[in-house]
Amino acid sequence: MRLKEGNARYIANAPINADHSVGRINRSMGQQPFAAVVTCADSRVVPELIFDQGPGDLFVIRVAGNFINEDGLASLEFAAAVLGIRAILVLGHTSCGAVDATIKSIKDNTLPPGHLPRLVNAIRPAVYDVMASNPDNLLAAATAKNAQLNASVAATSGPILAEFHEKGTITSAAAIYDIATGKVAFL
Ligand SMILES: [Zn+2]
C-alpha cells in the first residue's frame, strides 16, 4: 500500500516527494488526500516525511497521545464524506510522553496539572487493558493498545465512519512509528 511503500523510501533516505512546490497550482483547486492519519503531536513524528507523501496526500489529525475525541471524529467524518479518503491510520510512536504520563498517573494515583487530565483520561483505557499482562514493557504495550483501540473507534463510530467501513470503502489500521529507526510497524 502507498503508506508502506512511502515509509520504505523514508527509511532508505530515498524520498520522491522532496520538492513540495510540485503541484502547487493544482492543489489550489482542491484537495484529494487518499488517507487520514491520526497521530501524536510529538515533534519527531511527521506523517508526510515518515510516509514520503507530498502536500495534499494526507489528511492529518494530531493530538498528544493520538486518540480520537469528538473533534477528531468530526474531522475524520469530513475526510470520509467530503474528501473521499480510503484509509485511516492511527499512528502511535515509541517514547510517547503522553502514554508515559498516563502510566505514571495511574501508578502514582495522581493527576497532572492544568488540562492534562483530559489526555490522561483518554489514554487510560489502553493502559488498564495491558497493565496486568505487560508489566515489563508497559509503555510499548500501552502505546500499541492505544493505537488499536482508536483504530477501532474510527472503524465503528456511527453513523458516518461505521457505514464507510461496512461498505468496505474505508479501512482503518493501527501502527507504531519507531523514532530511532524510522520504521512504521503495522499492528
Ligand atoms: Zn506521543
Side-chain angles (χ1 to χ4, degrees), residues 3-4 6-11 15 33 35-53 55 57-76 79 85 87-157 161 172-187:
L3 294 177
K4 285 180 181 170
N7 182 237
R9 293 194 301 271
Y10 173 68
I11 294 167
V37 178
V38 178
T39 194
C40 188
D42 191 299
S43 59
R44 300 165 294 182
V45 182
V46 187
E48 284 83 355
L49 296 179
I50 291 170
F51 295 110
D52 186 29
Q53 300 299 320
D57 289 334
L58 299 178
F59 187 87
V60 179
I61 295 156
R62 299 184 69 155
V63 65
N66 50 268
F67 57 86
I68 299 172
N69 59 16
E70 294 283 311
D71 306 304
L73 191 55
S75 297
L76 287 173
I85 55 154
I88 297 171
L89 181 66
V90 180
L91 183 66
H93 67 97
T94 56
S95 310
C96 183
V99 177
D100 197 42
T102 305
I103 291 170
K104 280 199 176 68
S105 164
I106 291 171
K107 283 190 169 168
D108 302 345
N109 198 23
T110 56
L111 280 175
H115 292 75
L116 286 164
R118 289 182 73 100
L119 300 185
V120 164
N121 287 333
I123 300 166
R124 206 180 277 269
V127 180
Y128 284 141
D129 254 26
V130 298
M131 244 177 135
S133 52
N134 295 273
D136 297 331
N137 62 345
L138 187 52
L139 178 58
T143 301
K145 177 57 77 171
N146 183 52
Q148 287 171 318
L149 287 177
N150 282 285
S152 164
V153 167
T156 58
S157 289
L161 293 184
S172 281
I176 300 297
Y177 173 64
D178 187 322
I179 288 176
T181 64
K183 188 167 172 44
V184 173
F186 284 77
L187 302 173

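All ligand and atom numbering here is 1-based and tracks the order in the structure. For reference, positions follow the sequence shown, starting with 1.
- Legend: residues meeting side-chain contact (heavy atoms from CB on, under 4.5 Å) with Val45, ordered by chain and number and at least two apart, are Thr39, Asp42, Ile50, Arg62, Leu91, His93, Tyr177.
- Annotation: the span from Thr102 atom OG1 to Tyr128 atom OH amounts to 10.0 Å, rounded to 0.5 Å.
- To the nearest 0.5 Å, atoms CZ (Arg9) and NZ (Lys4) are separated by 14.5 Å.
- Taking distances strictly below 2.8 Å, the protein N/O/S atoms close to the Zn ion (ligand 1) are Cys40 SG, His93 NE2, Cys96 SG.
- Glu48 is not listed as a side-chain neighbour of Asp57, based on a closest heavy-atom distance of 4.5 Å or more.
- The backbone N or O of Ala142 lies less than 3.5 Å from no partner atom in the side chain of Asn146, so there is not a single donor-acceptor pair.
- Distance alone, capped at 3.5 Å, places no donor-acceptor pair between the Ser152 side chain and the Gln148 backbone.
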